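In what follows, a structure is listed as structure tokens, so that the remarks can point back to it.
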Amino acid sequence: MAKNIALDDRRIWLDWSKPALPAAVDWLFERYRRESVWNLSGVIVVTPGARSRQRLLELLVERAELKSLNFTPPDFVPLSQLPERLYVPQHKFASDVIQQVAWAKALRDVGADRLKVLSKNVPSSDGLFEWLPLSRIMRPLHVDLASEALTFGDVANEFKRMRADQSELNRWNLLAQLQRTYYDELSAVGLWDRQAARVTAIKKTECRADADIVLIGLVDLSRVFRQMLNQVAARVHSLIFATETLREGFDELGCLRSEFWLAQPIELSDDQLRIVDRPADQASAVIECLLELDGQFPVSQIAIGIPDRSVVAHLRRALDLADVDSRDSAGKLLTQALPVKLLQAVMEYLQHQQFSQYSRLIRHPDCFDWVSDRIGNRMWLHCIDQFQNEFIPGEFPLRDGFHLSKVSELHDVHRAIIDLLKPLVGHTRRLGQWVEPWTNLLLEVYGGREIDDESSPDIEALFACRALQTALRLLADVPPDWTLEGSAGDALDFALNQVEREALAEPDATDAIELLGWLDLPLDDAAVTIVTGMNEEFVPSSESTHLFLPNSARAQLGILDNARRYARDAYALSLMARSPRHLAIICGRRNDSGDPQLPSRLLFATDDQTMAERSASFFQHQADATSRVWLATRTVHPATQQFSIPRPAIDALKMTSLSVTDFKQYLQCPYRFYLSRVLKLEQCVDNLAELPPFAFGHLLHEIVEAFGNDPIKDSTDPDEIRKFFRRQLELMMERHGEQPSAAVRIQYQQVRLRLDKLADLQAQRRRDGWEIIEAEVKKGTGTLVVDGVPFSLRGRIDRVDRNEHTGQLAVFDYKTMEPATPTDKAHRKNGEWVDLQLPLYRHLIQTRDYFVSGPILLGYILLPGNIKNTEFAIAEWSEEELRSADQVAFDVIRAVRRNEFWPPADEPPDYSEPWSAICQDDLPERWSTSEVAT
Amino acid sequence: MTMIERATIDNTIIRASAGSGKTTALSSRFLQLLLRGVHCQTILATTFTRKAAGEILDRIMTGLAASALDDGEAKKLSQTLQLAGFDQQAARPMLRHMLSNLHRLQIGTLDGFFAKLARSYSLEMGLNPDWEIVEQRTIDQLAQASVGSVLSHSDAIQLLHLMAKGESIRGANKLMMEAVRDLYEILLDSTPGAWFQLQSHAVLSEATLSSALEQLTAIGVEDKRMAAARAKDCERAANENWDGFIDNGLVAKILDQTNAYYKLPIPDELRNAYLPLIDHVRGLVVNELKDSTESTYHLLDRFRERFEASKTESGSLGFNDVTRRLVKLLEASGDRAEANWAHRLDWSLDHLLLDEFQDTSPEQWRVIEPFARRVMKPDSQRSFFCVGDMKQAIYGWRGGVAEVFGLVEHQFPDLRNRELTCSFRSSQVIINTVNQVFENADRFESNNPLTNAVVRQWKDRFKTHTTAKTNLPGYAILERVGEADDLFAVAVDRIKSIYERSPNMTIAVLTRANTEVNKLIFALHSAGVPASEEGGNPLTDSAAVLLILSLMQLADHPHDSVAWFHVANSPLAAMVALPPCELEREKSPEILRHVHSIAADVRRELSERGYGATVARWATVLASSCTVRELRRLQKLIELADEYDCDATLRPADFVEFVQAQKVEDPTGSPVRVMTIHKAKGLEFDVVVLPCLSKRFIPQPGEVMYFRPSPTEPISLVTRYVNSAHRRLLPPTILQAYEQQFERGLSEAICVLYVAMTRAIHALHMFVDAKESDTNQSMSGVLLATLSNSNSAPVKSEGIVYEHGDPDWAKKLPVNAASHFAAVPPKRTKSRGDVADKTLTLAESTTGPSRGLAMKSPSQMIAKIRGTIGAALSQTAEPEALDRGTLLHACFAQIQWLDEPSWQNGLLEKLRRQFPDFAKLESTMDEFKSLVGKPTISALLHRASYSDQIARRVCPNQIIFEPLSATVENERSFAVRMDRWIVQGTIDRLVLIHEGPSLIAAEVIEYKTDRFWDTDNSMIEQRVADYRPQIDAYRRAVAQFTGLAIDRVLARLVLVGIDREFEVR
Ligand code: SF4
């Protein structure tokens, strides 16, 4: 019993109606100050988190200054490091990395078939690296249990006692053995598992303390900590923020008794509580709370609690727009930092060397700058697009020698990239051996960067680089004879896995509102606390699924379970509610994707009446349909669309020629014609998976052109022609380098099929006496005299045939569209001319020397997908029909001469997507062109 | 437990017509169970959307809350829900039970429940535990990759070619992606055999073919026309125009069994002569179909291997994947499963409440079934309950198979079967109209017997509806819009007037497709009706958003002149200093270079500040020129950007794609809402307008035809689609498949009509188009046939076809009709003041005690981080060197004065404690001992010698009255405030000098232990200079906490390596 009383003395009750940390300072002051000396040097102080530690120090210094004392700060020890201050470890500890690998090793040694009990797919190979994924499951489970002084074996026994399902027992027995193997692996290389070491220390009652240990508001300690502290109880002081009347709620060390807090009411008044709809609305609610403060408090006295991170973005936007600075104490995820992104991009590219990955990598700002400096030119990105569109590479291998010559800058770029990445290529080696190449890459890209410690990007880059450097270094410690091997990517992947959750702190700020995590709130002494996201799953959090330990089992084992989670948060909220501060609590109805959220159970820990009222007002809370518009603040807004469709700038522009295909464009829409044919605007893409239709057609054209200009054009032997076509096709194919994408290869074969068919028809046609007299008339020009003024006509004719017997001329255009559109259907929509290509050829051909006046046959050579329909299709237009076409052409020319490119046609024509943004095609509130049209 | 509680609850299946209170039924069932003391965790209540699940919970909780607050409400509730013994006293504990178990509630979607199951069985399912449900976008990317690898197979081309029935399509990738999109789900849901049901069919050889033709021509035919027809047939056959051959002439007659041409019977001899040819064509068709189908299978099957593997590896799954994998798991584990499940899930699942049961897919049922079996075991304390409406089965395309509903009844005969046909939503008028349409459905005569069969079936299944809302006024009208007018225009016109007459009525305009939603919105806007769009469109329907996306595009592709032009002509141009995009651009490289660097800057800003922050900044530039709608869209864009930041790539173009792929609703709170019928399911409106009835509802030909032997069995036969002409040549099994599919599609289409009509509370406005050619293909057909008052043929004229009720119904509204669950007037929570116009001001940060001071070590606080990152990185020295440094310091820390040899006692042990794993412990110790032997250091550390020095240094020309005494504090840690920082640090050795009792001076001694020390003097000076600021900081600190004047605080820097000391002043 005596012991117990002794222990009981360890608890110091600090009335929670005063702010917590200042109260703690009072206590430390009372106890340790001697006249003008306040010496805390010997004293070990442990607080729940870094945040409260920093704040406590701040308050201590402030007090020392105030009383002008000779002050020596205490020895602040992070909770996680406290145990090692209480006993002397006998061996070196295994780093997290090494533990990870040790688990992988244990798994591998136990062997695939035995593991079947555990997991359906286990690695087949012996490569240690393959086993890491599984080990990532083992280690957390191990830490989780070991921190509660439990081995997998203990759990197995407990389950046996509970008569758990056989399959569960099998799993745990296996796990137990795995754990033993794991320990063996470590001791084999003279290392120690930190958790195990602690448990041993406890067993051997080795814990000693030669200094006072002051625990400040540590209400939830895992078993290992409690047992150790009990061994040094005489030196422990546990400061508890609560009235002594609640002593039932705490154990001897001041840890919470779940069952007590589960039943404890929490006193909140309804006007501290706000129920709103979505995270965006939570943000607005915060602003409202701030408005209600009527400027009584400075930002430094305001803290906003963020249990649910999905509120942060909205909140910061809202605060920005209200010109209030904020500081997110959670910082920025390391993985979001540019150096990390660079290494990841490199890794991804190295793995498959796909073009898509390449095009990402080179757009990494720092990679881009590095390359640009190397080649002394910042204008090269377009070459990559160009290359992609032309060759549609699947892969983009990390070596020279595939045809980049066409785009020389790209050639240089690639050379640079190759130099940068070469050291990382190559086969699997010990992961440790990749540390240097990776670090060098960092140094190469970032090493030269001058740090300006006012610029956060610089600082961020520096810290990120440091973090990476350390993470990588850890790989080197892996015992060599464990032969953990893999590619450079594997090494990085593994290293990054360790720093995944690390964050880069935002710079401290006295003039910004702090966004704090839930756990930091209770001890925080801000005058105003606004808590967002007071919803189930955040406060309190609870675990609904677990691979190994469902909640009931956890309860059985007396380790962290949902009840304890609830107790922790219930106490936290009670503390906040009691301590003197302006408290507001915001509770969301739905999440960002509009799915319902549950209110925190804590809100209903109260009398029946209030409980019922609250649940009523939550569950029948109706959102007002309109989502709040932050941007609307402090501006008046036009009723009609203000973003205009740019008028054509036509000063002094005089078009004196058109190509035969221009007419169709103009007839469809003069404005879009202006954009595409006058300004020649072009869209860039680099995600072609295969030849787009026009390129596909272009390919065919090139081949038939070659045919038309080769003596073979007079052949009447289909096979000979076919051979020619195929040879051409192979030549073309070579342009795509060694590995054209599968789709492209297939497309070429499709082209071949069409040409094969054409070969037959062509041979036949030649036999019928038609000879090709010209193919791909390059700069075919003709002149139309309109209103007495000549206007010139451009255009290339795919092919002109002459019948050797009749001298009849025939003009052709190759068409590959599917399904084949007959000539007239293509040129006229219910009687109106919509395309003038073929008719206008008449005028082009007149300038050719072989031209003899007389009717000319106009037609398509159709090469559609369905080869059956391949044919020479002649248009049957009468002379006056053709003349009417000319009339239409004249009108177009007149309009063009008058620079009439306005307004855009209302119905967007087909294939006009590129212009849809400029022309506002899909806008319910379109800018009315009509009023400006005249 | 009392008697009632122990009595088992019967297992029930409910067919509930629209508005008959499905949710109510389910919620009351839930309450019944609670009332019987069932723990809420053991009740699984599922439906198909999270929203719906939320409504169920709301219903239960508001009901309980209301009852807990007011016994009257409780009584009411207990009546409407037949909850024997339910009252305020009962309600309170029930409510508390629910509220304290919120985290245990199992009310959600079926998918959600499955996901939870799968979570706890990840390993058994061969999934990496960090798998997650990902967006379609991600899955599509995986699909694209897999397609790539499928195409790279050597024989891919042949297969594709066959799949495309001999077409040499332009886009192989496109074709394959489409096949995947349309057919993959079917592949997964079919037995492999299903794709190989066709037997190849013999065709005639050249020779036999021509002889067959000769025979045909040889036969004598008297009738001229028949002879002519035969001639044509032969001609077609001769030049292999087989499609023409079977579509025309005598062949057509033979195939459709008429066997007569212009009433004249076709002589058997002639007919028989045709048969071989017909059979030849059959061969051609069948073989082509066989090839096409089988090659489709091969391609998709290969795809499956890659695709499923990549999903497992990357741990990216869709909900269907989860379900399918669960089915597999179940098949593997058999009955043992559910016992174990109870353990893993941590609760035993005793009561099933399934909503929207008609939308259950076969796979989903396969997962639920074992649970269902278990709870339905006789005299178990468990229960089963499901509710649905086959008339509202409109999710076939999502895999829902309404027949599962029927199947369950027949699988579990002793299910109690209830049918709810009484609406608690619609007015009598609406109900009458609905009845008239569906009870007389058979009046609708299509030229297609299949259609008629389905329609009749529907009629037979339909039970006359009634309504509890007989007192509600109502109005229903079917209008036929004339040839001349545009239907949408007319509809918009009507909506306008309805809206103006009763502005606070909810009006829903329901369409068939999303595209129509946009059209209507546009039309309504231009007509001045503020309509709220609920289809959910990509944000690209906003000019402001488009501009921002263009800037992104430009950042990604500096050469994209379209984007350039777009941005250059906008407010954004000034923001980024973008030059105009004129023709000259082609000539001037300067301009281009400028644009390129702008692009680079934008890319950097995006990845440094994040997309959210950047877009927000741009948005403020645009805000002033935005209409309120534009602002709403812009705001949504910012939210998307913030969401995107979590996994932002390095390419702005990826963001553009991301935005284009996201559908974002734009609710405006306007009473007029436009949405698709599918979106309207489960909602109700005062007025419903149906402008899109004149649309072919007979399902469009799909990519394949397939047959499912029973609702829950996998598909047993699949072939590619063939047109009706060819179908006539195929074996009956295939026709059967076609028909089954047709029927399913058609009855679903009728369901859509039913859902559409039953959304209405008061008024229903339906429009059909007189321009419509054949109404026997569309919903309008059904309506015309059933609503046109007379059994005579449907009126062809325009104008009002049907009108029922009172056009001025709105005037006759009662106050408001009470719902089942009375609502409590919500508790007074703070009224939401309009933040928009107030501006936020906070107090100035006071000079007094401030929070969040920066923590700095002296070195940081003085020395700005200088130099390059490279330098900084190389400074973080090797751990090896670090250890040595700290160890040496630790040794020095042991020394008060060297004169007192005690310092050596137990030194090694002490150090062991601190450095358990430092290898070179002894050697370093020896090094240390030699160090302290060196003259300078030992002079510094001996009391005697030190006192001499100090006397001289502290007060050179003063007379000392009392002897000076020096006390040492090793590793003296301190924390003081210097302007905006808390400076924290440890002084290696602090010597305090007293004259008698009073402190008159102090000295800071700092050891530097770097081993290889450059002996070149100038270098040393430099290094010392580097340290000076830090030492100064120490002095200031000491001055502060000792209260000494700064010049009374001396400092010395000791370079241990070379045994030299430097005074720092
Ligand atoms: S082969 Fe390719 S890489 Fe080599 S020089 Fe020619 S273009 Fe450059």
Side-chain angles (χ1 to χ4, degrees), chain A residues 61 70 73 89 92 119-121 165 295 298 300 313 322 360 363-365 379 382 446-447 449 453 457 462 508 510-511 536 542 545 550-551 595-596 598 604 608 612-613 615-617 619-620 625-626 629 631 642-643 646 681 683-684 689-690 696 742-743 746 749-750 753 865-866 917-918 924, chain B residues 50 54 58 61-62 65 68-69 92 99 102-103 119-120 123 126 151-152 157 167-170 172-173 340 346 521-522 543 546 557 559-562 566 569 593 596 604 608 623-625 631 642 650 667 669 824 826-827 840-841 843 845 850-852 854 864-865 869-870 916-917 975 977 1041:
Chain A
V61 171
N70 176 346
K92 186 172 185 179
S119 167
K120 184 171 155 212
N121 62 352
D165 172 62
S300 60
R360 284 216 175 88
R363 280 178 174 84
H364 182 291
M379 194 172 90
H382 56 289
Y446 289 95
R449 179 151 159 192
D453 77 347
L462 171 61
D508 301 275
T510 44
D511 48 8
E536 201 56 32
S542 51
T545 61
N551 189 58
D595 301 331
L598 292 169
F604 304 102
D608 282 0
E613 287 168 353
S615 62
S617 46
F619 286 101
Q620 64 189 31
T626 52
V629 185
L631 294 168
Q642 294 302 296
F643 299 104
L681 299 183
Q683 223 175 14
C684 296
E690 58 193 349
F696 188 88
I746 290 177
Q749 308 195 41
Q750 307 289 27
L753 290 169
N866 185 344
I918 296 174
Chain B
R50 298 203 187 83
D58 291 353
M61 297 308 282
T62 35
L69 287 170
R92 294 200 155 187
L99 288 171
L102 285 173
H103 61 304
R119 277 256 164 263
S120 18
L123 291 175
L151 291 180
S152 52
I157 172 71
E167 297 248 336
S168 68
I169 26 66
R170 270 191 296 207
N173 188 75
N340 182 277
D346 212 15
I521 290 280
F522 185 55
L546 285 171
H557 301 279
H559 254 52
D560 189 312
S561 43
V562 173
H566 189 211
N569 290 284
R593 199 166 291 111
H596 271 256
R604 181 168 286 282
E608 277 178 357
S624 56
S625 10
L631 283 176
D642 279 318
L650 293 163
V824 211
K827 194 96 166 54
L840 178 55
T841 48
S845 293
S850 57
R851 296 154 38 85
K864 299 179 91 207
I865 308 171
I869 290 187
D917 49 67
R977 174 169 172 181
F1041 65 71

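Lettering follows sequence order; numbering is per chain, from 1. Everything numeric in this text was worked out from a predicted model, so none of it was measured. The figures that follow rest on heavy atoms only: side chains count, while hydrogens, waters and symmetry mates do not.
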Examine whether an atom of A:Pro550 lies under 4.5 Å from a heavy atom of chain B, and if so say whether it belongs to the side chain, the backbone or both; otherwise answer neither.
both
A:Asp595 CG to B:Arg50 CZ distance, which is reported to the nearest 0.5 Å:
4.0 Å
The interface call for A:Phe696 against chain B, heavy-atom contacts under 4.5 Å, is side chain
Given A:Ala313, A:Pro457, A:Ala742, A:Gly447, the one with more heavy-atom pairs under 4.5 angstrom with chain B than any other is A:Gly447
Atom pair CD/CG of A:Glu536 and B:Leu102 - distance to nearest 0.5 Å
5.5 Å
Choice from A:Met379, A:Gln750, A:Arg363, A:Gln642 maximising heavy atom contacts with chain B below 4.5 Å:
A:Arg363
Any idea which of A:Cys684, A:Pro73, A:Ala743 has the most non-hydrogen atom pairs under 4.5 angstrom with chain B?
A:Cys684
If you tally heavy-atom pairs under 4.5 Å against chain A, which of B:Ile869, B:Leu650, B:Leu151 wins?
B:Ile869
What distance separates B:His596 NE2 from A:His382 NE2, expressed to the nearest 0.5 Å?
5.0 Å
Heavy-atom closest contact (A:Ile746 atom, B:Ile157 atom, distance):
CG2-CD1, 3.6 Å
If one checks every heavy atom of B:Leu546 against chain A at 4.5 Å, the contacting part turns out to be side chain
Reported CG-to-CZ distance for the pair B:Asp58 and A:Phe619, which is rounded to 0.5 angstrom
7.0 Å
Distance check, rounded to the nearest 0.5 Å: A:Glu613 atom CD versus B:Leu69 atom CG?
5.5 Å
Atom NE2 in B:His566, atom CD1 in A:Ile918: separation rounded to 0.5 Å?
6.5 Å
Top residue by heavy-atom pair count (under 4.5 Å) with chain A, among B:Ser152, B:Gly126, B:Ala68?
B:Gly126
For chain B, find which of A:Gln683, A:Arg449, A:His364, A:Glu690 contributes the most heavy-atom pairs closer than 4.5 angstrom.
A:Glu690
Taking every non-hydrogen atom, the tightest pair across B:Ala65 and A:Ser615:
CB-OG, 3.5 Å
